[in-house]
Amino acid sequence: MAVLITFLSLVLIALAGDALPCRFFPRRMYSLTEHAVLGLLLGSGFAAYVLFCSSLVAPRFGMAVTVIAVVAVSAVRVYQLQAALRSDFKFVGFRRTLWLLLPFGLWLVILAVVAFSTDLGFDGLVTWGLKAKSAFLYGGWDISYFTDPLRQVTHQDYPLLVPTLEAWAYTFLARVDEGAVKVIFIAYYAALLAIFYHALRREFSRLLCVIYTLLLALTPYLASMSAISGYADLPLMLFVFSAAVYFRKGLIENSPSTLGLGLILSALGVWVKREGMIFLVFNLGALAVYLLWMRRKALQTTLIFAVPVVLVLAPWLGFLAFKQIPNSDFVAPSLQVFWQNIDRLPIIAVSLFGQFIALGQWGLLWVLFFAISLARWRNLLAASNLYLWLGIVIPITAFSAAFVFSAWQPFTEHLELSMDRLVLQVTPLVWYFIALQLPELDGWLHDAVEQVTAREVRN
Amino acid sequence: MKSNWRIALFALALWAQLVLSLVMTLWRYDLVLWNGFQVYPSGVPKEYDAFIEFAQQVTPADSNLVYLSPTGDRYTARFARLHYLLYPRELLWLGMGTRTSALSRWTPVDLSGPELERALAGRAVTAVLVDEVAEPLPLGGRRLDFDPARYILILAH
């Protein structure tokens with residue numbers, strides 16, 4: 001029952017979030033997958049935003065305000081959907097994707113059994129879990145929590161989207177249940193697979209998309225470590241991937257609204273984990289280059305796009321700055337610290353390289369990525385491919401370089417605990433990039449299936 | 001022809017990845033479910049139950065607490081459980097050892113020295129729990145009354 005209630009509370013969030021993406025698409029083109037995933041992402045961001053902002057004004061009533069806001073927006077959305085379903089509206093591709101529920105549904109059941117058999121893990125219990133309990137028991141964000149030295153163990157500077165979702169579920173359960181909140185992470189995993197399949201489906205046949213989605217779903221570190229834990233890496237991965245997919249689509253189609261959606265998703269990534277900032281800065285940089293390339297009024301248009309990003313981020317980043325909440329893992333970057341710690345770079349490089357060849361963690365993923373990057377280097381001359389490739393390489397390089405400023409003593413412990421999770425965050429992008437560089441595989445697979453079918457008919 | 005063998009090679013690599021991933025994941029799932037890992041009911045690990053039950057019994061509802069944990073991987077999990085069960089009562093945590101301090105920014109303190117007294121000052125602490133000892137330590141006013149040699153020895157491992 002607790003699992004069901006948690007799931008239904010997420011549905012409510014997704015419905016509220018779905019009120020927004022309907023503005024981004026033509027009315028008759030309505031993909032259920034796309035809207036379910038975007039609804040979940042934007043709804044999660046909306047809930048986190050409302051809870052935080054309302055807690056700044058009335059901390060004890062923050063969750064009550066959030067519940068009222070989410071329920072109200074969901075009700076409006078349900079009314080809109082009802083009206084739309086009565087008119088000329090239809091879900092695109094709903095029946096054609098229904099059969100996918102069988103293989104992926106089965107896999108999700110297996111994953112859920114394992115997930116519910118384990119606890120939330122180190123960060124899940126402490127960094128995110130304690131914040132969620134605090135928000136639930138207090139009724140919102142207790143502002144003194146963020147400056148109380150006794151709470152430093154929970155990393156007060158870490159963003160609040162995941163704890164908000166957990167506190168949201170606890171509110172509907174009327175108690176803390178660290179088992180039931182695993183539903184949130186399983187839902188995010190399912191959403192990741194759904195949006196990945198959907199993104200590929202624009203380019204390839206159904207069978208090939210299923211194979212690539214399975215490859216992503218089964219990536220060893222993702223399937224056996226991340227998806228079954230209560231860590232925020234999986235939610236961040238989903239925000240980053242969705243942002244990249246829509247941003248790329250916006251570049252290709254020259255669509256400001258899709259570019260805007262990509263940027264908003266990037267900005268919401270910062271509400272999940274601080275690493276999201278690197279992806280956001282990368283996307284803003286890519287936008288500036290694109291606008292210069294298109295010979296538009298680059299600065300003016302970039303600023304227009306940056307407005308919603310600033311609106312999304314201002315409350316949280318402003319709060320951190322105003323309350324002077326220090327970064328709990330890194331010292332302030334400066335040239336002096338960089339020169340002082342420059343001897344860390346070879347150790348960091350070895351650690352990163354170690355990830356690329358860690359078959360137990362990634363299988364052949366990174367070997368394939370580098371092999372295909374070399375074999376298909378001409379493809380990188382196309383802007384959309386270059387965007388993806390840089391979207392993988394630049395964040396990984398930036399994450400790694402950041403360890404030069406690590407405040408941990410010894411910093412190798414920080415490296416050891418974080419490097420695999422930083423590499424994980426671009427995993428769906430890597431699979432997406434690999435798939436897009438091998439378009440011949442679709443025809444090859446089609447021929448192979450036809451040959452097998454013909455042989456069976458002959459026999 | 002050239003591109004065909006390349007595609008075949010990539011297809012083979014993808015196939016190998018699929019098989020390797022499936023085997024690796026199911027093998028790890030097998031470990032989680034049946035071999036070497038505790039299966040926890042509804043998110044509360046059994047191994048913590050006795051300690052938490054004890055903590056609830058020995059600490060008055062309106063008291064502030066000090067929880068002293070041993071260093072190592074398990075301390076945060078215990079801390080988290082205890083924090084949840086005792087919240088919103090104050091839980092003053094003094095982590096010990098280098099790893100603990102690296103994560104929490106707590107400076108390791110010498111239990112027998114004045115640092116602890118300073119840390120406890122003004123917090124109306126009435127009980128101290130020491131993990132893996134499961135025994136309340138009596139506090140008289142702001143003076144911590146226990147055998148420092150014994151407890152420091154325990155906390156150090």
Side-chain angles (χ1 to χ4, degrees), chain A residues 2 110-111 113-114 116-123 125-126 129-130 133-134 137-138 149-150 152-153 155 176-182 211-212 214-215 217-220 222-225 228 328 359-360 363-365 367-368 371-372 375 407-410 413-414 434 438 440-441 444-445 448, chain B residues 3-4 6-11 13-34 37-45 48 73-81 83-85 87-88 90-95 98-106 123:
Chain A
I110 295 171
L111 184 117
V113 169
V114 178
F116 287 125
S117 304
T118 53
D119 63 23
L120 292 166
F122 181 96
D123 278 12
L125 284 167
V126 179
L130 289 183
K133 284 165 200 163
S134 167
L137 291 164
Y138 193 77
L150 298 175
Q152 277 182 347
V153 70
H155 295 278
V176 170
D177 189 328
E178 290 179 322
V181 287
K182 278 285 180 75
I211 291 172
Y212 276 121
L214 276 174
L215 280 164
L218 293 169
T219 304
L222 170 62
S224 57
M225 306 287 279
I228 61 169
S328 55
L359 295 182
L364 299 168
L365 174 69
V367 176
L368 274 166
I372 287 172
W408 286 39
Q409 292 297 340
E413 196 166 338
H414 194 186
I434 289 173
L438 297 171
E440 306 94 324
L441 211 57
W444 193 81
L445 193 67
Chain B
S3 79
N4 277 347
R6 277 188 185 170
I7 287 295
L9 193 65
F10 281 128
L14 289 175
W15 177 248
Q17 168 76 8
L18 197 59
V19 174
L20 178 72
S21 301
L22 190 62
V23 170
M24 190 70 75
T25 303
L26 290 178
W27 175 63
R28 283 184 181 159
Y29 281 4
D30 181 55
L31 279 180
V32 170
L33 288 175
W34 291 290
F37 284 77
Q38 176 77 41
V39 179
Y40 301 133
S42 65
V44 181
Y48 301 129
D73 284 334
R74 288 162 62 199
Y75 77 94
T76 39
R78 284 175 186 266
F79 168 68
R81 299 281 170 208
H83 193 288
Y84 152 52
L85 283 159
Y87 197 92
E90 188 63 51
L91 182 63
L92 177 62
W93 178 52
L94 300 176
T98 51
R99 173 159 183 170
T100 305
S101 60
L103 281 170
S104 67
R105 285 188 162 190
W106 275 96
R123 295 194 178 274

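Quick note on labels: first sequence line is chain A, next is B, and so on, each numbered from 1.
Here the closest non-hydrogen pair linking L364(A) and A13(B) is CD1-O, 3.7 Å. Contact detail for L215(A) and L18(B): the closest heavy-atom pair is CD2-N, 3.6 Å. Across all non-hydrogen atoms, the minimal contact from A223(A) to T25(B) is CB-CG2, 3.6 Å. Smallest separation of non-hydrogen atoms from L441(A) and A11(B): CD1-CB, 3.8 Å. The two residues M24(B) and P220(A) have their closest heavy-atom pair at CG-CB, 3.9 Å.
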Notebook entry, point to check: Checking side chain to side chain contact (heavy atoms under 4.5 Å, CB included) for the pair I211(A)/W15(B): CA distance, chi angles, key distance, verdict?
Noted result: CA-CA 9 Å; I211(A) 291 172; W15(B) 177 248; over 6 Å; no

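Among V19(B), V23(B), L22(B), the single residue meeting the side-chain contact (heavy atoms from CB on, under 4.5 Å) criterion with L218(A) is L22(B).
L222(A) does not touch chain B: none of its heavy atoms, backbone or side chain, sits under 4.5 Å away.
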